[in-house]
Peer 1: 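Right, I'll just put the structure down here and ask away after.
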Amino acid sequence: LPKGRFDLLFLADTYHHLSGRVAYMKALRANLRPGGKLAVFEYKPGDLPVGPPADHKLKAGVLESELEAAGWSLETEISSHKYHDFQVWVPR
(Lines give C-alpha, C1' and ligand atoms only; values in the text may rest on other atoms or scores of the structure.)
Protein backbone atom coordinates (compact mmCIF):
# COMPACT_ATOMS: atom_id res chain seq x y z
CA LEU A 1 0.00 0.00 0.00
CA PRO A 2 1.24 3.53 -0.70
CA LYS A 3 2.41 5.47 2.34
CA GLY A 4 0.28 8.33 3.66
CA ARG A 5 -2.49 7.96 1.08
CA PHE A 6 -5.54 6.60 2.89
CA ASP A 7 -8.21 8.20 5.03
CA LEU A 8 -9.61 4.83 6.06
CA LEU A 9 -8.36 1.27 6.11
CA PHE A 10 -11.08 -1.38 6.55
CA LEU A 11 -10.48 -4.98 7.65
CA ALA A 12 -13.48 -7.32 7.55
CA ASP A 13 -13.17 -10.84 9.00
CA THR A 14 -9.45 -10.67 8.18
CA TYR A 15 -7.56 -9.64 11.31
CA HIS A 16 -7.50 -13.15 12.83
CA HIS A 17 -5.83 -14.49 9.64
CA LEU A 18 -2.80 -12.17 9.86
CA SER A 19 0.50 -13.44 11.22
CA GLY A 20 2.74 -11.12 13.22
CA ARG A 21 -0.28 -8.92 13.85
CA VAL A 22 1.34 -6.37 16.19
CA ALA A 23 4.20 -5.68 13.76
CA TYR A 24 1.79 -5.65 10.81
CA MET A 25 -0.52 -3.17 12.51
CA LYS A 26 2.42 -0.94 13.50
CA ALA A 27 3.53 -0.81 9.88
CA LEU A 28 -0.01 -0.20 8.62
CA ARG A 29 -0.18 3.19 10.39
CA ALA A 30 2.26 4.62 7.84
CA ASN A 31 -0.34 4.15 5.08
CA LEU A 32 -2.79 6.60 6.64
CA ARG A 33 -3.00 10.31 6.01
CA PRO A 34 -3.03 12.52 9.10
CA GLY A 35 -6.40 11.99 10.76
CA GLY A 36 -6.82 8.59 9.09
CA LYS A 37 -8.61 5.71 10.76
CA LEU A 38 -8.71 1.93 10.86
CA ALA A 39 -12.07 0.12 10.91
CA VAL A 40 -12.07 -3.51 12.05
CA PHE A 41 -15.09 -5.78 11.57
CA GLU A 42 -14.41 -9.16 13.15
CA TYR A 43 -16.54 -12.10 14.33
CA LYS A 44 -17.31 -12.06 18.03
CA PRO A 45 -15.57 -14.73 20.12
CA GLY A 46 -17.27 -18.01 20.98
CA ASP A 47 -19.74 -20.33 19.30
CA LEU A 48 -22.11 -18.55 16.95
CA PRO A 49 -24.66 -19.91 14.47
CA VAL A 50 -22.65 -18.27 11.65
CA GLY A 51 -18.99 -17.84 10.79
CA PRO A 52 -15.93 -19.90 11.61
CA PRO A 53 -15.70 -22.28 14.58
CA ALA A 54 -14.86 -20.73 17.96
CA ASP A 55 -11.28 -22.06 17.95
CA HIS A 56 -10.59 -20.20 14.70
CA LYS A 57 -11.65 -16.81 16.09
CA LEU A 58 -9.77 -14.46 18.40
CA LYS A 59 -10.29 -14.81 22.13
CA ALA A 60 -11.98 -11.88 23.87
CA GLY A 61 -9.63 -8.92 24.33
CA VAL A 62 -6.87 -10.14 21.97
CA LEU A 63 -7.65 -7.70 19.17
CA GLU A 64 -7.76 -4.77 21.59
CA SER A 65 -4.51 -5.65 23.38
CA GLU A 66 -2.66 -6.22 20.10
CA LEU A 67 -3.85 -2.97 18.50
CA GLU A 68 -2.96 -1.02 21.65
CA ALA A 69 0.51 -2.64 21.62
CA ALA A 70 0.83 -1.59 17.96
CA GLY A 71 0.17 2.07 18.82
CA TRP A 72 -3.55 2.39 18.09
CA SER A 73 -6.29 3.88 20.29
CA LEU A 74 -9.90 2.80 20.19
CA GLU A 75 -12.07 5.67 18.99
CA THR A 76 -15.50 4.07 18.58
CA GLU A 77 -17.33 0.77 19.00
CA ILE A 78 -20.35 0.33 16.77
CA SER A 79 -23.03 -2.15 17.80
CA SER A 80 -24.36 -2.74 14.31
CA HIS A 81 -24.24 -6.52 14.02
CA LYS A 82 -25.33 -9.39 16.20
CA TYR A 83 -22.33 -11.60 15.35
CA HIS A 84 -19.54 -9.07 14.77
CA ASP A 85 -17.53 -6.56 16.73
CA PHE A 86 -17.07 -3.34 14.76
CA GLN A 87 -14.45 -0.91 16.02
CA VAL A 88 -12.78 2.23 14.71
CA TRP A 89 -9.16 2.89 15.75
CA VAL A 90 -6.83 5.85 15.35
CA PRO A 91 -3.03 5.99 15.55
CA ARG A 92 -1.69 7.25 18.88
Peer 1: Decide side chain to side chain contact (heavy atoms under 4.5 Å, CB included) for Gln87 and Glu64; before the verdict, give the C-alpha distance in whole Å, the side-chain angles of both, and the deciding distance to 0.1 Å.
Peer 2: CA-CA 10 Å; Gln87 300 174 334; Glu64 292 82 1; 2.8 Å; yes
Peer 1: Check whether any side-chain heavy atom of Leu28 sits under 4.5 Å from a side-chain heavy atom of Leu38, and report yes or no.
Peer 2: yes
Peer 1: Using 0.5 Å steps for rounding, measure from the OG1 atom of Thr14 to the CZ atom of Phe41.
Peer 2: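 That separation rounds to 11.0 Å.
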Peer 1: Indicate, with yes or no, if Leu74 and Val40 share a hydrophobic cluster defined by side-chain heavy-atom contacts under 4.5 Å among Ile, Leu, Val, Met, Phe, Trp and Tyr.
Peer 2: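 Looking at the clustering, Leu74 is in the same group as Val40.
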Peer 1: To the nearest 0.5 Å, what is the distance between NZ (Lys57) and NZ (Lys59)?
Peer 2: 10.0 Å
Peer 1: Taking C-beta and beyond as the side chain, do Tyr15 and Arg21 meet within less than 4.5 Å on heavy atoms?
Peer 2: yes
Peer 1: Do Asp85 and Pro45 come within less than 4.5 Å of each other through their side chains, counting heavy atoms only?
Peer 2: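 Yes, their side chains come closer than 4.5 Å.
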Peer 1: Could you grab the distance from atom CG of Asn31 to atom CZ of Phe6, nearest 0.5 Å is fine?
Peer 2: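 With rounding to 0.5 Å, CG (Asn31) is 6.5 Å from CZ (Phe6).
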Peer 1: Report yes or no: do Leu63 and Tyr24 belong to one cluster of Ile/Leu/Val/Met/Phe/Trp/Tyr joined by side chain heavy-atom distances under 4.5 Å?
Peer 2: yes
Peer 1: Indicate yes or no for a side-chain donor-acceptor contact from Asp7 to the backbone of Gly36 under 3.5 Å, with no hydrogens or angles considered.
Peer 2: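 Checked: no pair found.
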Peer 1: Hey, is NZ on Lys82 packed in by over 12 heavy atoms from elsewhere, all under 6.0 Å?
Peer 2: no
Peer 1: Establish whether Leu9 and Leu18 are linked, either directly or via other cluster members, by ILVMFWY side-chain heavy-atom contacts under 4.5 Å.
Peer 2: yes
Peer 1: Between Ala39 and Phe86, which heavy-atom pair has the shortest distance, and what is it?
Peer 2: CB-CE1, 3.9 Å
Peer 1: For Glu68, does its backbone N or O pair with a side-chain atom of Arg92 as donor and acceptor, under 3.5 Å?
Peer 2: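 Confirmed, Arg92 side chain pairs with Glu68 backbone.
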Peer 1: Of the non-hydrogen atoms in Ala70 and Val22, which two are nearest, and what is the gap between them?
Peer 2: CB-O, 3.5 Å
Peer 1: Is it the case that more than 12 heavy atoms not belonging to Lys37 sit under 6.0 Å from its NZ atom?
Peer 2: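 Atom NZ in Lys37 is not crowded, with 12 or fewer foreign heavy atoms closer than 6.0 Å.
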Peer 1: Just wondering, do Leu11 and His17 contact through their side chains at under 4.5 Å, heavy atoms?
Peer 2: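 Side chain of His17 against side chain of Leu11, heavy atoms only: no contact under 4.5 Å found.
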Peer 1: For the residue pair Pro52 and His56, what are the closest heavy atoms and their distance?
Peer 2: CB-CD2, 3.6 Å
Peer 1: Between Arg5 (side chain) and Pro2 (backbone), is there a donor-acceptor pair under 3.5 Å?
Peer 2: no
Peer 1: Determine whether Leu67 and Leu58 fall in the same hydrophobic cluster, where Ile, Leu, Val, Met, Phe, Trp and Tyr are linked whenever their side-chain heavy atoms lie under 4.5 Å apart.
Peer 2: yes
Peer 1: Would you say Tyr43 and His81 make side-chain contact, with heavy atoms under 4.5 Å?
Peer 2: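 A side-chain contact is absent here, since even the closest heavy-atom pair is not under 4.5 Å.
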Peer 1: Quick one: does any side-chain atom of Ser65 pair with a main-chain N or O of Val62 as donor and acceptor, under 3.5 Å?
Peer 2: yes
Peer 1: Between Trp72 and Met25 (side chain of the first, backbone of the second, donor and acceptor by atom type, cut-off under 3.5 Å), is there such a pair?
Peer 2: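 It does hold such a pair.
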Peer 1: Checking His84 against Glu42: is there a side-chain donor and acceptor pair closer than 3.5 Å?
Peer 2: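 On atom types as modelled, these side chains do not qualify, holding no pair under 3.5 Å.
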